[in-house]
Amino acid sequence: MKTVEIREAFLAFFERQGHTRVPSSSLVPANDPTLLFTNAGMNQFKDTFLGTDPRPYNRAASSQRCVRAGGKHNDLENVGYTARHHTFFEMLGNFSFGDYFKREAIRFAWQFLTEEMQLPKERLWVTCHVSDDEAERIWVEDIGFPAERISRLDEDNFWQMGDTGPCGPCSEIFYDHGPEVPGGPPGSEDDDLDRYIEIWNLVFMQYNRDASGEMHPLPAPSVDTGMGLERIAAVMQGVHSNYEIDLFQALIRAAAGILGVDDLEHASLKVIADHIRSCAFLVTDGVMPGNEGRGYVLRRIIRRAVRHGNKLGATGPFFHQLVSTLAAEMGEAYPELVKLQAQVEKALLTEEEQFAKTLDNGLQILNDALEQLEGAQIPGDVVFRLYDTYGFPVDLTNDIARERGLTLDIAGYEAAMAEQRSRSQESGTFRVDYNDVLKLEGSTEFTGYDALTGQGTVS
Ligand code: ATP
Ligand code: MG
Ligand code: MG
Ligand code: MG
């Protein structure tokens, strides 16, 4: 089954179960300053769960474009390292607004996977929240699911879109990709390896968390589910990694063709294929590369892609050339990608050209520093110089460091940054106000790295 066919099969299945098909919303959340980018299918229904945005339907289904590259859900650092994480992905979801609850949600998911998709039942594993005996009982008694393949977890089975907003316990479905792949079942020590891959999260929306952290019951218990389209496509296409599905293979082949690379397995090709999707869709949704907030996240992703192209031997701008392949692959579902293709190419090309001017010099500086390096940490002043003079976002430098088994001296970098800031305040230089950036980046939960990389290049 092709990826496009799976998307359609999902939406059609839930339509037959009385759900209204709702189009994906923008990657830029409407009226939600707590959220950097749309990170789940439920975002556009947040207020419907809260009871303040009633809809003409109480069951909905969607395929939502999502970006997880900052804020509470950030998978940027996972791309290229796991088989299952992207910066951009589509989340298939069915929703109940005070209509059905756990029993039906579990039944629908089971029916879709085992009847519509005809997945072998013995490959499926389930998790439930530690407190949720009811969900486990439904799995065992209603569905006949073997109790020995159910684990009860805590944080991993409590879903929240951000620090505030709708949340609740969840039950997740995993697919066992087989003993050839290393990794243990959910809840075991090595469950983060990619043998048992989480495909579907069924969230039983029951609470609204307020700014003080307190949880209030929602007006009506509801359901929010999310299944990664690329992950179910990998299962359906009999491949282990998302990067092996039809859609990604097309992008990888296109990138390899443009760059003249023979090794289609090269990790940098995966990163580039991932990044073109988030970058092109972000521009389509009105984000432009810049020094602050969303624009700076976009810039960081483009620059990472350009650096990976450089690693593969790119001699000129290449990234923007992938937009046409993406439009061919995804344009039917997302016509705006085709309509805005020329604008997207231009925005990416401009950024590529701008970064190309400093990339080689920056890499030279880094290589010189690495030659003299004693120990496994790149000094903070080098990280700062790369950022300040050569436009290397910190996560890009970290990406290079990680490939070589090195880390960054973040404290030293911070100190260099603070020193420069106080110097320029003394001289009265114009400064960008970064408060917005920090808010968007959700600096409360991870104060070091994310907050740092949220800072723009200072002119
Ligand atoms: P994981 O534990 O694998 O990081 P998650 O628990 O963070 O996933 P959820 O927030 O539960 O993911 O999102 C619902 C579903 O969306 C997941 O079950 C998965 O199928 C898909 N998904 C989540 N993050 C990504 C991603 N970065 N790339 C592709 N699919 C994703
Ligand atoms: Mg995750
Ligand atoms: Mg998970
Ligand atoms: Mg999950």
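Along the sequence shown, the residues carry numbers beginning at 1. In listed order, ligands and their atoms are each counted from 1.
For atom 11 (O) of ligand 1, the nearest protein heavy atom (residue, atom name, distance) is Asn201 ND2, 2.7 Å. The protein heavy-atom contact nearest to atom 19 (C) of ligand 1 is Arg231 NH1, 3.4 Å. Taking atom 14 (C) of ligand 1 as the reference point, the nearest protein heavy-atom neighbour is Gly226 O, 3.6 Å. With respect to atom 27 (N) of ligand 1, the closest heavy atom belonging to the protein is Asp75 OD2, 2.6 Å. Counting protein heavy atoms only, atom 2 (O) of ligand 1 is closest to Glu198 OE1, 3.2 Å. With respect to atom 3 (O) of ligand 1, the closest heavy atom belonging to the protein is Arg84 NE, 2.8 Å.
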message: For Arg152 and Asp133: C-alpha separation, side-chain torsions, deciding distance, then whether salt bridge (charged side-chain N to carboxylate O under 4.0 Å, His left out) applies.
response: CA-CA 9 Å; Arg152 301 285 291 266; Asp133 293 338; 2.6 Å; yes
task: Would you please test His86 and Phe248 for ring pair (Phe, Tyr, Trp, His ring centres under 6.0 Å) and show each step?
output: CA-CA 11 Å; His86 306 298; Phe248 270 105; 4.6 Å; yes
- request: Decide salt bridge (charged side-chain N to carboxylate O under 4.0 Å, His left out) for Glu90 and Arg65; before the verdict, give the C-alpha distance in whole Å, the side-chain angles of both, and the deciding distance to 0.1 Å.
  value: CA-CA 5 Å; Glu90 280 180 84; Arg65 51 188 188 273; over 6 Å; no
task: Check step by step if salt bridge (charged side-chain N to carboxylate O under 4.0 Å, His left out) holds for Asp192 and Arg84.
output: CA-CA 11 Å; Asp192 213 41; Arg84 67 186 201 277; 3.2 Å; yes
Ring pair (Phe, Tyr, Trp, His ring centres under 6.0 Å) evaluation trace for Trp125 with Phe174: CA-CA 5 Å; Trp125 289 64; Phe174 288 69; 9.0 Å; no
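For ligand 1, the polar-atom distance check against Ile199 finds a nitrogen or oxygen pair separated by under 3.5 Å. Residue Glu230 has no nitrogen or oxygen atom sitting less than 3.5 Å from a nitrogen or oxygen atom of ligand 1, judged on distance alone.
Tyr100 does not carry Arg103 over the face of its six-membered ring by the limits of under 6.0 Å from the centre and within 45° of the normal.
With His73, His86, Met91 as candidates, the residue nearest to atom 16 (O) of ligand 1 on a non-hydrogen basis is Met91. With Phe89, Trp159, Phe88 as candidates, the residue nearest to atom 22 (N) of ligand 1 on a non-hydrogen basis is Phe89. Here the shortest heavy-atom distance to atom 9 (P) of ligand 1, taken over Gln160, His85, Arg68, belongs to Arg68.
Using a 4.0 Å cut-off between charged side-chain N and carboxylate O, Arg7 and Glu230 make no salt bridge.
Considering all non-hydrogen atoms of both residues, Leu218 and Phe49 come closest at CD2-O, 3.7 Å.
Protein N/O/S atoms closer than 2.8 Å to the Mg ion (ligand 3), listed by chain and residue number, are Glu198 OE1.
In summary, the aromatic rings of Phe204 and Trp159 are positioned with their centroids too far apart to meet the 6.0 Å limit.
Interatomic distance, CZ of Phe392 versus CD1 of Ile400, reported as 5.5 Å (0.5 Å rounding).
A donor and an acceptor atom, one from each side chain of Ser96 and Arg59, are nowhere located under 3.5 Å apart.
Those atoms of ligand 1 with a heavy atom of Glu172 less than 4.0 angstrom away are 6 (O), 11 (O). Here is the list of ligand 1 atoms found below 4.0 Å of a heavy atom in Gly228: 16 (O), 19 (C), 20 (O), 21 (C).
In terms of the side-chain contact (heavy atoms from CB on, under 4.5 Å) criterion, residue partners of Ser324 (sequence neighbours excluded) are, by chain and number, Gln341, Glu345.
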